[in-house]
There are 2 protein chains.
Amino acid sequence: MFDWDDLRIFLGVARSRTLADAARQLELDATTVGRRLTRLGESLGANLFEQVGGTRRLTESGHALFRHAEAVESAALSAVAQVTGESQSLAGQVRLSVAEGFGTWVLAPAMREFHQSNPRIRLDLITASGFLNPSKREADMAVMLARPQRGRLVVQLLGDYRLHLYASEAYLASQGTPRRPADLRRHVLVGYIPELIYAPELDYLGEVLTGLEAVLRSTSINVQHQMISHGAGIGVLPDFIGDRDPGLVRILPDHVELTRDFWLVTHSDLANLSRVRAVAQWLRHRVQALQDQIKTG
Amino acid sequence: MFDWDDLRIFLGVARSRTLADAARQLELDATTVGRRLTRLGESLGANLFEQVGGTRRLTESGHALFRHAEAVESAALSAVAQVTGESQSLAGQVRLSVAEGFGTWVLAPAMREFHQSNPRIRLDLITASGFLNPSKREADMAVMLARPQRGRLVVQLLGDYRLHLYASEAYLASQGTPRRPADLRRHVLVGYIPELIYAPELDYLGEVLTGLEAVLRSTSINVQHQMISHGAGIGVLPDFIGDRDPGLVRILPDHVELTRDFWLVTHSDLANLSRVRAVAQWLRHRVQALQDQIKTG
DNA sequence: TCCTCATGCTGCAATTTTGCAGTCTATCGA
DNA sequence: TCGATAGACTGCAAAATTGCAGCATGAGGA
């Protein structure tokens, strides 16, 4: 019988695609990772990876093993959770991946409250460019804009939010206020950098009016907001950003209104851990409050 | 994260109840087994076993872990099976536990045929006193007389067989032939040793007539058969033994006829391996042939 | 085209793991 | 009550695993 622990290493490499990366995640040396992978392959008599350029891809055998290895992992994690009583305890670490705007404007202001309710949960708020993938275990949970199609995930709809065009009063005073969507072509637009967009749901301008292109661009919604707020131009912002900034005005609110959904994505293995449920509940409350606030405000 | 391989050791100890025994099964030193068990317990922060006399019993935490560890094992075994192509290949080892009589008189004569059909399967026929337990992985499959109640097992009814009282013509010539069941009390009876009986289904004599006791006893049905065959007394034998011996005669066939079932029990993890299915199919055929033979014969 | 950076492999030393003896303890049977 | 047997724990040497340093290779950018 082969060493079951080698499956843990195998999973790491299969997910991160390089030995070095896997080694970091596993807190081992890349050499060790390589050697244990070789050992596993030998004892199974199968070639698990093919090296294409810098990265390793699973072979057919590798894919077959991967599914089973995930099952092993799942069982092992449940084992720890149950035996250590972790599944019942509101303690431990949760890594949550969110979009930058949501993290900055919705979650960050409420973190104090969360920590007071759950002092023993360490909540890491990750706003990497691109959502980290719970199915790759880069994060435990993620709030995403689209429902992921595959993976061992538990997905639930948190709610939706609206977006409008915003501009500062200073900008409108100097450049005038657009009356019709077509007027937008004559204005300075603020938006994302299309090549670096990490979710198709963020491609707002194309939806507002075909062919519309931003000239002031950033990968960061916060940078965009600051530009708009300081009178640089007109841009699409979520209401939970635009409405909070008293210096901003909605532009063409009757013509341009976008809606997006928030999806909460959790790895199946973790979905019934108390601490994960606590975070999920908090997220549902935050999004609920967000929607109530917009309605009444 | 703890070493997943330690779960393998844990399972071994949980099943065999002693370090030394587990060590033999795992092909490790008992010292190593003990130390890795300690390490696992420490990294989970739980006491897994309590020592009661010579044996180790699972604590509550241990029980919780056990179920998960079995899930890990199951996934790991599937992994090997699939990657090595073992699941499709008619090769490898199968350990089959059967009752001695069935093994000797039904299976052994057909082993040549099995081997010719499946030359790459090594079939171990185990006739230990008592059935080995597939759920403890002492055997891969077992033909049992009763349907086991629990365990991760796949159970199917193979068929039934009949038993009658038999005696040799020599015995009857010297001691006379019983005419009524009550006559049996005056005869020399051959049977099992009640204290050493390993399945309640083997307690035939009580079923024939209350209070009937054997004086010539053995734990082995083959020894009993030899005694009966050589004129030592009257005893219950399966028809597949008694009818094959031309020197034996059925006694009181209209009054005494017992029926027993054959159950094929396979560990769930192995049930869909080709080699295991091949053995199962062969067993079904053997039992079918046995029943046809009795009917027509 | 060259340079830089990161990956991944080989040799070596340090650490860890493992197995073997020997010892102690507990259970079973005479 | 006393051996006999088997299980489990401690010291020590052997073997394996691991990490580090150095080097080759290949991809991406200036």
Side-chain angles (χ1 to χ4, degrees), chain A residues 1-44 46-59 62 76 128-130 136 138 193 195-196 198 219, chain B residues 1-44 46-59 61-62 76 128-130 136 138 193 195-196 219:
Chain A
M1 176 61 64
F2 67 102
D3 188 320
W4 291 4
D5 203 52
D6 288 348
L7 289 178
R8 199 162 56 82
I9 278 72
F10 166 78
L11 272 179
V13 178
R15 286 183 179 133
S16 59
R17 292 184 157 64
T18 75
L19 292 190
D21 220 33
R24 268 186 292 277
Q25 302 243 342
L26 298 164
E27 299 184 44
L28 289 172
D29 193 89
T31 318
T32 306
V33 174
R35 287 193 278 233
R36 289 185 64 175
L37 213 55
T38 308
R39 186 176 71 177
L40 179 65
E42 277 168 4
S43 68
L44 291 176
N47 220 336
L48 267 16
F49 291 96
E50 49 182 314
Q51 263 172 291
V52 183
T55 64
R56 280 160 196 264
R57 292 187 42 187
L58 287 169
T59 60
S129 49
K136 287 189 185 173
E138 294 166 335
I193 307 170
E195 309 90 271
L196 298 180
Y198 58 88
T219 53
Chain B
M1 176 61 65
F2 68 101
D3 189 317
W4 291 4
D5 203 51
D6 288 349
L7 290 177
R8 199 161 55 83
I9 278 72
F10 166 76
L11 271 180
V13 178
R15 287 185 179 131
S16 58
R17 292 182 154 65
T18 75
L19 292 191
D21 220 33
R24 268 186 292 279
Q25 301 243 344
L26 297 165
E27 299 183 45
L28 288 171
D29 192 88
T31 318
T32 306
V33 174
R35 286 192 280 231
R36 290 185 64 176
L37 213 54
T38 308
R39 184 177 73 179
L40 180 66
E42 277 169 4
S43 68
L44 291 177
N47 220 336
L48 268 14
F49 292 96
E50 50 180 311
Q51 261 172 291
V52 182
T55 64
R56 279 161 194 263
R57 293 188 42 189
L58 288 169
T59 60
S61 299
S129 50
K136 286 189 186 173
E138 295 166 335
I193 306 170
E195 308 92 271
L196 299 180
T219 53

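Quick note on labels: first sequence line is chain A, next is B, and so on, each numbered from 1.
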At under 4.0 Å between heavy atoms, which parts of nucleotides 15-22 of chain C does protein reach? Answer with one letter per nucleotide, 5' to 3': B base, S sugar-phosphate only, - none. --SBBB--

Begin with the C-alpha distance, continue with both residues' side-chain angles, and end with the deciding distance and a verdict on side chain to side chain contact (heavy atoms under 4.5 Å, CB included) for L37(A) and L19(A). CA-CA 9 Å; L37(A) 213 55; L19(A) 292 190; 3.9 Å; yes

Residues E50(A) and T59(A): closest non-hydrogen pair is N-CG2, 3.8 Å

Contact summary for A20(A) and A30(A), nearest pair of heavy atoms: CA-CB, 4.1 Å

Give the rounded distance in Å between these two atoms: CG of L19(B) and P of dT10(D). 12 Å

If I take atom CG in residue L26(A) and atom C1' in nucleotide dT17(D), what distance separates them, rounded to the nearest angstrom? 16 Å

Determine whether R8(B) and L11(B) make a side-chain contact, defined as any pair of heavy atoms from C-beta on separated by less than 4.5 Å. no

Rounded to whole Å, how long is the line connecting atom CZ of R57(A) with atom P of dG8(C)? 15 Å

Compute the angle between the rotation axes at the two ends of the helix from dT1(C)-dA30(D) to dA30(C)-dT1(D), each taken over five pairs, rounded to 10 degrees. 30°

Expressed in angstrom and rounded to an integer, what is the separation of L37(A) atom CG from dT18(D) atom P? 13 Å

Check: A46(B) main-chain N/O paired with S61(B) side-chain donor or acceptor under 3.5 Å: no

Any donor-acceptor pair under 3.5 Å from S43(B) side chain to F2(B) backbone: no

Under the side chain to side chain contact (heavy atoms under 4.5 Å, CB included) test, which residues partner T38(A), sequence neighbours left out? E42(A)

Candidates V33(B), L40(B), L48(B) - the one meeting side chain to side chain contact (heavy atoms under 4.5 Å, CB included) with V13(B): V33(B)

